[in-house]
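One is the number of the first residue; the rest follow in order along the sequence. Atom set for the values below is all heavy atoms of this structure, side chains included, hydrogens, waters and symmetry mates excluded.
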Amino acid sequence: MGFFVGLLFGLFAGLAIVVLFVRSENSRSNLRTKLATTVAAFARMTVEDSRKILPAEFYPSWVVFSQRQKLTWLNQHLTKIWPYVDEAASDLIKASVEPVLEQYRPVILSSLKFSKFTLGAVAPQFTGVSILEDGADSVIMELEMQWDANSNIVLAIKTYLGVSLPVQVKDIGFTGVFRLIFKPLVNEFPCFGAVCYSLRKKKKLDFTLKVIGGDISTIPGLADAIESTIRDAIEDSIMWPVRKIIPILPGDYSDLELKPVGMLEVKLIQARDLTNKDIIGKSDPYAVLFVRPLPDRTKKSKIINNDLNPIWNEHYEFIIEDATTQHLVVRIYDDEGVQASEFIGCAQVLLSELEPGKVKDVWLNLVKDLEIQRDSKYRGQVHLELLYCPFGMENSFTNPFSSDFSMTSLERVLKNGANGTDDIENEKAVTHKKREIIIRGVLSVTVISAEDLPIVDLMGKADPYVVLTMKKSELKKKTRVVNDSLNPVWNQTFDFVVEDGLHDMLILEVWDHDTFGKKIHWLDYELYLGF
């Protein structure tokens with residue numbers, strides 16, 4: 001009897017396993033069919049279909065939908081005519097770049113010129129082209145170019161010590177976007193009056209310096225100085241908004257030349273939560289700001305020693321040539337004394353995001369690289385106030401950064417009265433006016449000393465220190481401890497960023513340093529500040 005029961009149980013179990021296996025295979029087959037259908041549907045999708053399904057915010061930063069068209073035909077023709085282009089363009093480039101090299105020549109050199117200049121046998125490759133809309137009077141074309149050149153470029157260098165060195169620039173790798181502007185459009189062939197060309201974006205520029213028959217490292221700092229000169233020369237001679245104008249038809253094309261269009265006022269206030277680059281102690285941060293990275297247009301802040309939350313409160317001005325494409329870059333470094341500074345992070349603000357005549361208060365997250373933003377590490381933030389003032393609009397708005405407005409809002413109220421007159425009608429009107437004012441700035445507090453503090457220790461006097469607290473932000477700072485003294489001297493200065501000076505409060509507390517921290521005395525101090 002047990003044999004038949006076992007047999008039936010085995011048959012049922014076997015059938016169940018077979019049924020489950022068949023169902024599993026059918027399910028997997030259906031999944032494969034659906035997946036194949038989905039893949040086929042995605043294969044038929046266009047870029048526009050993809051962008052409709054998933055908005056831009058769902059894509060990572062490195063996914064880019066290019067609007068550029070391929071230029072295989074142009075590359076084929078350029079390869080054929082490149083030997084002639086090389087011969088014609090080499091002398092032209094040499095003549096235009098050499099004066100700029102001389103302008104940025106390092107102080108350790110007496111002469112810096114080209115002794116040889118050829119572009120080489122390898123033609124650049126254009127990887128895409130796009131047409132930009134910019135009114136009816138011009139056509140703007142952008143060409144993306146990649147070039148791994150075998151150029152023969154030799155610099156004839158002379159030092160003030162009489163040493164002559166032939167330095168070869170080799171292994172040039174370049175990726176960037178050139179901009180061509182055909183303007184103005186006319187009814188005479190070739191239908192435009194002039195062509196402007198410029199390097200719109202420099203994505204990559206690598207090269208190697210080598211002394212022919214020697215070692216460039218024999219003169220310390222020479223390689224870095226020459227590399228910096230070359231990069232500055234490129235930036236100043238061809239990088240957008242600089243443009244070269246080639247007249248095609250007779251006419252006046254002065255309106256195409258590079259001209260300042262406005263002024264950017266920048267107030268570098270502070271940074272917070274900076275990454276610590278020092279093993280012992282904290283970083284010594286400073287900021288470098290620029291719109292165009294040229295030596296005479298780059299601003300550098302003071303160095304704040306041993307502080308990851310530095311307060312600068314410094315003001316800078318930058319000339320703007322194209323508010324639609326230019327941007328402000330802020331780079332934070334850790335000062336290392338005689339050694340090279342260590343990079344902490346950077347940030348940028350597009351000028352197109354600023355409303356002319358209106359101050360913009362921003363906190364910017366610092367990143368490792370502005371071009372490739374794959375690094376999610378938190379490096380801190382920097383605090384800026386920005387004001388873009390186009391030329392010709394100075395009289396249409398009030399510039400709060402100008403010297404004419406160095407008085408604070410409170411000072412102007414107290415001087416001119418509540419209603420803008422010299423006579424203050426009554427104290428109530430002034431008090432009401434104060435409540436409408438918000439004063440933002442930096443409060444510097446110097447804790448000098450204290451006298452005749454009470455004895456709080458059983459053995460000895462007291463070990464006092466001072467705690468300073470901003471009531472609204474709850475930011476606290478404290479002095480060092482002065483041991484066994486009732487008349488301590490600290491002479492320590494602390495900076496606080498105050499967002500609303502008229503309505504905030506600074507609390508000073510004197511404590512005795514011991515195991516339990518006895519409070520000796522406390523004082524509330526109301527802030528009526530004039531920044």
- Step by step, work out the side-chain contact (heavy atoms from CB on, under 4.5 Å) result for Val382 and Leu366. CA-CA 7 Å; Val382 62; Leu366 298 177; 4.1 Å; yes

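- With respect to the salt-bridge test (charged N to carboxylate O, under 4.0 angstrom), the residues Arg231 and Glu235 do not qualify.
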- Message: The test is side-chain contact (heavy atoms from CB on, under 4.5 Å); show your working for Met141 and Phe182 and say whether it passes.
- Response: CA-CA 8 Å; Met141 178 186 300; Phe182 303 90; 4.3 Å; yes

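- Put simply, the side chain of Leu351 reaches to within 4.5 Å of the side chain of Ile320, judged on heavy atoms.
- A donor-acceptor pair under 3.5 Å links the side-chain atoms of Thr79 to the main chain of Asn75, judged by distance alone.
- In this model, no donor atom of one side chain and acceptor atom of the other lie less than 3.5 Å apart for Asp278 and Ser283.
- Side-chain contact check for Ser341 and Tyr286: at least one donor-acceptor pair (N or O, by modelled atom type) lies under 3.5 Å.
- Between Tyr104 and Pro295, the closest side-chain pair of non-hydrogen atoms falls below 4.5 Å.
- Screening Ile344, Val288, Asp284 for a side chain to side chain contact (heavy atoms under 4.5 Å, CB included) involving Tyr333 leaves a single residue, Val288.
- In this structure, CG in Leu180 is found 9.5 Å from OG in Ser198, a value given to the nearest 0.5 Å.
- Note that CZ of Phe126 and CG of Leu143 are 5.5 Å apart. Values are rounded to the nearest 0.5 Å.
- Around the CD atom of Glu87, the shell of radius 6.0 Å holds no more than 12 heavy atoms that belong to other residues, nucleotides or ligands.
- In this structure, Asp334 contributes its side chain and Pro285 its backbone to no donor-acceptor pair below 3.5 Å.
- A distance of 11.0 Å separates NZ in Lys170 from CG in Leu209, rounded to the nearest 0.5 Å.
- Within the 4.5 Å cutoff, the side chain of Glu188 has heavy atoms near those of the Leu249 side chain.
- Using modelled atom types and a 3.5 Å distance limit, the side chains of Asp322 and Thr325 yield a donor-acceptor pair.
- Within a 6.0 Å sphere centred on NZ of Lys204, heavy atoms belonging to other residues, nucleotides or ligands number more than 12.
- Asp171 contributes no side-chain N or O that, together with a main-chain N or O of Phe207, makes up a donor-acceptor pair within less than 3.5 Å.
- The aromatic rings of Trp363 and His383 sit parallel, their planes meeting at an angle under 30°, below the 60° perpendicular limit.
- A side-chain donor-acceptor contact under 3.5 Å links Ser110 to the backbone of Lys158.
- The nearest pair of heavy atoms linking Lys282 to Asp307 is CB-N, 4.0 Å.
- Contact check for Trp147 versus Leu119: side-chain heavy atoms found under the 4.5 Å cut-off.
- Put simply, the side chain of Ser111 never gets that close to the backbone of Ile157: no donor and acceptor are under 3.5 Å apart.
- In terms of heavy-atom proximity, Gly281 sits nearest to Asn276 at O-ND2, 3.0 Å.
- Of the candidates Leu354, Val349, Leu350, Ser352 forms a side chain to side chain contact (heavy atoms under 4.5 Å, CB included) with just one, namely Leu350.
- Using modelled atom types, no side-chain atom of Asp232 and backbone atom of Leu294 make a donor-acceptor pair closer than 3.5 Å.
- Separation of atoms CD1 (Ile248) and SG (Cys191) is listed at 12.0 Å; rounding is to 0.5 Å.
- Across every non-hydrogen atom of Leu387 and Val359, the tightest pair is CD1-N, 3.9 Å.
- Salt-bridge check for Lys203 with Glu144: passed, with a basic side-chain N closer than 4.0 Å to an acidic carboxylate O.
- Across all non-hydrogen atoms, the minimal contact from Trp240 to Arg200 is CB-CA, 3.8 Å.
- Here the side chain of Trp312 pairs a donor or acceptor atom with the backbone of Lys302 at under 3.5 angstrom.
- A salt bridge does not link Lys360 with Glu385: none of the charged nitrogens is closer than 4.0 Å to a carboxylate oxygen.
- For the pair Leu328/Leu384, a side-chain contact is recorded, criterion being any heavy-atom separation below 4.5 Å from C-beta on.
- In this structure, the side chain of Ser138 does not engage the main chain of Pro184 through any donor-acceptor pair within 3.5 Å.
- Atom-to-atom distance recorded for Asp206:CG and Glu227:CD is 9.0 Å, nearest 0.5 angstrom.
- The shortest distance between side-chain heavy atoms of Leu274 and Ile332 falls below 4.5 Å.
- Under the rule for a side chain to side chain donor-acceptor pair (under 3.5 Å), the partners of Asp86 that lie at least two apart in sequence or sit in another chain are Ser90.
- Counted within 6.0 Å of NZ on Lys202, heavy atoms from surrounding residues, nucleotides or ligands total more than 12; the atom is thus considered enclosed.
- Here the CG-CD distance, from Leu370 to Gln348, works out to 4.5 Å after rounding to the nearest 0.5 Å.
- Between Phe318 and Lys299 there is a side-chain heavy-atom pair separated by less than 4.5 Å.
- Ion pair Lys113/Glu98 not flagged as a salt bridge, since none of the NZ, NE, NH1 or NH2 atoms sits closer than 4.0 Å to an Asp/Glu carboxylate oxygen.
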- Task: Begin with the C-alpha distance, continue with both residues' side-chain angles, and end with the deciding distance and a verdict on side-chain contact (heavy atoms from CB on, under 4.5 Å) for Ile238 and Arg243.
- Result: CA-CA 6 Å; Ile238 196 172; Arg243 72 289 305 265; over 6 Å; no

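- Summarising the geometry of Ile311 relative to Ile304, their closest heavy-atom pair is O-CD1, 3.8 Å, with the distance given to 0.1 Å.
- The backbone N or O of Glu265 sits nowhere less than 3.5 Å from a side-chain atom of Tyr316 that would complete a donor-acceptor pair.
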- Derivation and outcome, salt bridge (Lys or Arg N to Asp or Glu O under 4.0 Å), residues Asp236 and Arg292: CA-CA 9 Å; Asp236 194 24; Arg292 293 179 60 193; 3.6 Å; yes

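- Shown here are the side chain to side chain donor-acceptor pair (under 3.5 Å) partners of Asn309, two or more places apart in sequence or in another chain: there are none.
- Under a 4.0 Å N-O distance rule, the pair Arg297/Glu321 qualifies as a salt bridge.
- Taking 4.5 Å as the limit, some side-chain heavy atom of Ile245 sits within range of a side-chain heavy atom of Glu257.
- Within 6.0 Å of NZ on Lys116 lie no more than 12 heavy atoms contributed by other residues, nucleotides or ligands.
- Pairing each heavy atom of Thr127 with each of Gln146, the nearest pair is CG2-OE1, 4.2 Å.
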- Are Ile140 and Ile131 close enough, and set up right, to give a side-chain contact (heavy atoms from CB on, under 4.5 Å), and what steps lead you there? CA-CA 6 Å; Ile140 300 178; Ile131 305 297; over 6 Å; no

